[in-house]
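Here's the structure we're looking at; comments come further down.
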Amino acid sequence: MKITDAKVFVGGPGKNYVTLKIMTDQGIYGLGDATLNNRETLPATYLQDYLVPNLIGMDPRNSEDIWQFFYRGAYFRRGPIAMAAFGAIDMALWDIKGKIAGLPLYQLFGGKSRAGAMVYAHATGADLEDLMDSISYFVEQGYKAVRVQCGIPGMPSASYAVPEEKGASTSYMTDFSGIRPKVETWDTERYMRYMPGALAEIRARFGPDLKILHDVHHRLMPREAAEFARAVEPVGLFWLEDPTPAEDQAALRLLRQHSTVPIAIGEVFNSIWECNKLIEEELIDFIRVAVTYAGGITHVKRIVDLAGLHNVRTGFHGAPSHSPICMAAQAHLNAWAPNFGIQEYLVLGTPECDALFPSEHRMENGLVFVSDTPGLGVDFDEAEAARYSYKPGSHPVVRLEDGTLWNY
Ligand code: CS2
Ligand code: MG
């Protein structure tokens, strides 16, 4: 069996999805996602200029050898751009493998460990009142878990994933459009004074069963994170996410000494070498890598297995910048993983995405049910793709009130 061609598409509804399609001499094709949010053209170019020319003629069934060929062959290893490009190839090769076998991928991983996988929605509000309405909306939709973000009174500008305007927000998405980043102003003290009380009010309002998640989004220093984690301990959060900048794996030791709040980290990690210490020292409770950003199914399965040895559960990243192809790969891993925790969930099910990426994966009552279609179980409509083109975007830049550059 030989790879005969591969095409890279950039574009999609509201997002510059980078979709790879690998074709073979037996008419079977595979799909992969290489969407690196706000840097999409880079993995696309890496694929087109360096990787696709090498793929032609290779045997797609040798996915491990092909992964090693590109990972070690790059000499300069890792990094978000390369791992997103390798990740797309790897997803497409596993898709082909499942189609050859006539089996959905979770069967090739070891079968199902659960019927449906719990997901969480994004509740948010310009203020606590709006956030409460947003949470109610998702609870009514059957979600058992919600991530909660809200505006902080007196904060110079809207903080992470919070709308500027009032009005209950049930489908808020951060606007990244434009090549020049927006500049936001952040004040840690205001946040640390206000957020523990807001989280306590949410717990009081929705009772003990609702799983409440909160994303600090890398904004606290290790000592502040330890103090904040202790302050929110009584709320009984499902997890506190990215309390500190993720590069500093040691930052969590202080937090762990002062609090037992479950910690989730990993969305910015591109390889096992960025989180192995966190996992081996059991400084986290959930690993949040994404199949696209962390080198595909082959590499993420290694991270999941290492995590399982240390009682760390999965909490795969699922921001809207991950296409339904990445979400499908994660749906298969979530169905199989013995140490599954929860899945972030936004994209699947929107009409535009369904038209571009038809699939039978479904979400019901806060659970994702993986499709039994062979392979990834998601397709790609090239005619639909022609409707979309690349639009530049950038992450906001955050400064403290004195102008100091801070973490988005
Ligand atoms: C966030 C992301 O979903 C999350 O947990 O941290 O939405 C993140 O802000 C974006 O992926 C950045 O591109
Ligand atoms: Mg996050």
Side-chain angles (χ1 to χ4, degrees), residues 12 14-18 33-43 80-81 83-84 87 119-124 134 138 143 145-150 158-163 169 171-179 181-182 184 186 191 195 211-220 225 228 237-247 252 261-270 274-275 278 284-294 314-324 326-327 330 341-348 391-398 406-408:
K15 286 283 161 196
N16 298 313
Y17 291 131
V18 180
D33 172 42
T35 312
L36 180 62
N37 204 17
N38 299 324
R39 297 287 181 271
E40 295 89 352
T41 58
L42 303 176
I81 298 162
M83 296 301 265
V119 296
Y120 69 90
H122 280 190
T124 186
S134 179
F138 287 111
Y143 284 90
V146 285
R147 185 190 78 171
V148 298
Q149 312 289 135
C150 82
S159 36
Y160 164 65
V162 165
S169 33
S171 58
Y172 174 78
M173 283 228 228
T174 307
D175 172 14
F176 293 116
S177 58
I179 198 63
K182 291 177 201 59
E184 294 176 358
W186 170 257
Y191 169 78
M195 209 55 213
K211 292 176 175 48
I212 302 173
L213 298 77
H214 178 64
D215 194 343
V216 182
H217 223 254
H218 325 277
R219 306 276 170 111
L220 302 179
F228 187 79
L237 291 176
F238 184 82
W239 82 33
L240 192 63
E241 180 179 339
D242 284 325
T244 52
E247 304 97 318
L252 293 175
V261 169
I263 300 296
I265 274 192
E267 65 185 58
V268 295
F269 293 154
N270 316 114
E274 285 146 305
C275 54
L278 285 174
I284 58 172
D285 304 281
F286 296 91
I287 184 67
R288 293 227 340 108
V289 290
V291 168
T292 299
Y293 294 165
T314 67
F316 293 146
H317 189 226
S321 48
H322 293 305
S323 91
C326 172
M327 296 300 280
Q330 294 183 176
I342 196 167
Q343 169 69 56
E344 181 174 15
Y345 175 86
L346 270 114
V347 173
L348 284 174
K391 296 184 181 58
S394 45
H395 287 96
V397 159
V398 176
W406 206 239
N407 309 307
Y408 165 58

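All values below come from the heavy atoms of this structure, side chains included, with hydrogens, waters and symmetry mates left out. Position 1 is the first residue of the sequence; numbering continues from there. Just so you know, these numbers come straight off a predicted model, no measurement behind them. One-based numbering, in listed order, for ligands and for the atoms of each.
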Heteroatom proximity flag, Tyr408 to ligand 1, N/O under 3.5 Å: no
Sub-4.0 Å atoms of ligand 1 with respect to non-hydrogen atoms of His395: 12 (C), 13 (O)
Under-4.0 Å salt bridge between Glu40 and Lys15: no
Look at the rings of Trp186 and Tyr191 and say which category their plane angle falls in: under 30° parallel, 30 to 60° tilted, over 60° perpendicular. tilted
Below 4.0 angstrom from a heavy atom of Asp215, which ligand 1 atoms are there? Numbered from 1 as shown, please. 1 (C), 4 (C), 5 (O), 6 (O)
Looking only at distance, does His217 have an N or O less than 3.5 Å from an N or O of ligand 1? yes
Ring centroid separation Tyr293 to His322 under 6.0 Å: yes
Looking only at the aromatic ring of each residue, does the gap between the centers of His395 and Phe176 stay below 6.0 angstrom? yes
Does any N, O or S atom in Asp215 come within less than 2.8 Å of the Mg ion (ligand 2)? yes
How about Glu344 and His122: does a side-chain donor come under 3.5 Å of a side-chain acceptor? yes
Please verify the inter-ring angle class for Tyr143 with Phe138; under 30° counts as parallel, over 60° as perpendicular, anything in between as tilted. perpendicular
Presence of N, O or S from Glu241 under 2.8 Å of the Mg ion (ligand 2): yes
Identity of the N, O or S atom of Glu267 lying closest to the Mg ion (ligand 2): OE1
